[in-house]
Peer 1: 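Here it is: the structure, laid out below.
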Amino acid sequence: MTFALIFAAFSMGLLGSPHCLGMCGGIVAAFGISMKNTSPAKRTLLMLGYHVGRLGSYTILGLLVAALGKHILAPLMANSALPKYLLGGALVFAALLMLGLPVLNRLEKAGLRFWNTLAPLRTKVLPMDSLPKALIAGLLWGF
């Protein structure tokens, strides 16, 4: 690994921290408050289980995306002109999103349907009073 790659990864992690705080901070605080009558050792174990589950779901999704990149996108990148067009298309797509054009409505609706299908599981893992429930709650939150 080069210094530039390590610096870029560190910077992305550092600058992405506000997103993590906003995305997970509230729910983790709510879980912590809901466990106020639990012993500190059990509370720590449950929160650790929750975070292991959450990181596990991120790992699974990362492996899926890496496999997609390696087996589908990498062969396409062998063409010297194609990466420029793909990057240009991604930039145009990002600009359309920033302008507020509803280009992702269908994808968001599909994501909402997926989240709603997980509702029965969510009700079974709350309150988080055991390690298996905490792990599953973390996995669900990651997805």
Side-chain angles (χ1 to χ4, degrees), residues 1-78 82-143:
M1 279 200 198
T2 66
F3 175 75
L5 181 61
I6 293 171
F7 180 73
F10 177 77
S11 299
M12 287 171 49
L14 186 65
L15 295 173
S17 297
H19 164 78
C20 295
L21 180 63
M23 186 75 179
C24 296
I27 193 131
V28 171
F31 287 153
I33 291 169
S34 72
M35 293 186 274
K36 65 182 173 189
N37 296 329
T38 308
S39 71
K42 185 174 181 181
R43 188 177 332 148
T44 301
L45 180 68
L46 292 175
M47 293 308 288
L48 183 64
Y50 166 79
H51 287 297
V52 167
R54 186 177 54 82
L55 293 173
S57 65
Y58 295 156
T59 301
I60 291 166
L61 291 171
L63 288 171
L64 290 173
V65 170
L68 172 81
K70 180 178 180 181
H71 298 293
I72 295 174
L73 295 178
L76 295 174
M77 294 299 172
L82 188 59
K84 289 188 261 184
Y85 293 121
L86 287 175
L87 182 59
L91 290 173
V92 169
F93 185 70
L96 292 174
L97 291 176
M98 287 181 197
L99 288 172
L101 295 178
V103 292
L104 289 181
N105 284 348
R106 287 185 183 164
L107 183 62
E108 288 178 7
K109 287 178 184 175
L112 181 60
R113 279 194 299 274
F114 176 67
W115 183 245
N116 287 335
T117 59
L118 297 176
L121 281 175
R122 291 193 316 257
T123 58
K124 289 180 182 178
V125 299
L126 297 175
M128 277 188 338
D129 52 7
S130 69
L131 187 58
K133 283 183 171 183
L135 284 167
I136 293 170
L139 279 167
L140 291 174
W141 185 257
F143 286 109

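From a predicted model like this one, the values you see are computed outputs, not experimental measurements.
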Peer 1: To the nearest 0.5 Å, tell me how far L135 CG sits from M128 CE.
Peer 2: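 The CE atom of M128 is 9.5 Å from CG of L135, to the nearest 0.5 Å.
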
Peer 1: State the CG-CG distance between L91 and L96, to the nearest 0.5 angstrom.
Peer 2: 11.0 Å

Peer 1: I need the L61 CG to Y58 OH distance, nearest 0.5 Å.
Peer 2: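 Nearest 0.5 Å value for the CG-OH distance: 9.0 Å.
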
Peer 1: Rounded to the nearest 0.5 Å, how far apart are OH of Y50 and CG of L55?
Peer 2: 9.5 Å

Peer 1: Compare every heavy atom of S57 with every heavy atom of G142, then report the nearest pair and how far apart it is.
Peer 2: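 Distance-wise, the nearest heavy atoms are CA-OG, 2.9 Å.
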
Peer 1: Taking all non-hydrogen atoms of both residues, which atom of P120 and which atom of T117 are closest, and how far apart?
Peer 2: CD-O, 3.3 Å

Peer 1: Rounded to the nearest 0.5 Å, what separation is found between the CZ atom of R43 and the CG atom of N37?
Peer 2: 9.0 Å

Peer 1: Testing the basics here: between G53 and L139, what is the closest heavy-atom pair and its distance to 0.1 Å?
Peer 2: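 Closest approach of G53 to L139, heavy atoms only: O-CD2, 3.3 Å.
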
Peer 1: Would you say the side-chain atoms of K42 pair up with the backbone N or O of D129, donor to acceptor, closer than 3.5 Å?
Peer 2: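 Yes; at least one donor-acceptor contact below 3.5 Å.
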
Peer 1: Please report the interatomic distance OG1(T59) to CZ(R54), rounded to the nearest 0.5 Å.
Peer 2: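 Between T59 OG1 and R54 CZ, I get 10.0 Å after rounding to 0.5 Å.
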
Peer 1: Looking at every non-hydrogen atom in both residues, tell me the closest pair between W115 and R122 and how far apart they are.
Peer 2: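 Heavy atoms only, the tightest pair is O-NH1, 2.7 Å.
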
Peer 1: Please name the pair of heavy atoms, one in V125 and one in L140, separated by the smallest distance, quoted to 0.1 Å.
Peer 2: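 Nearest heavy atoms, V125 then L140: CG2-CD1, 4.3 Å.
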
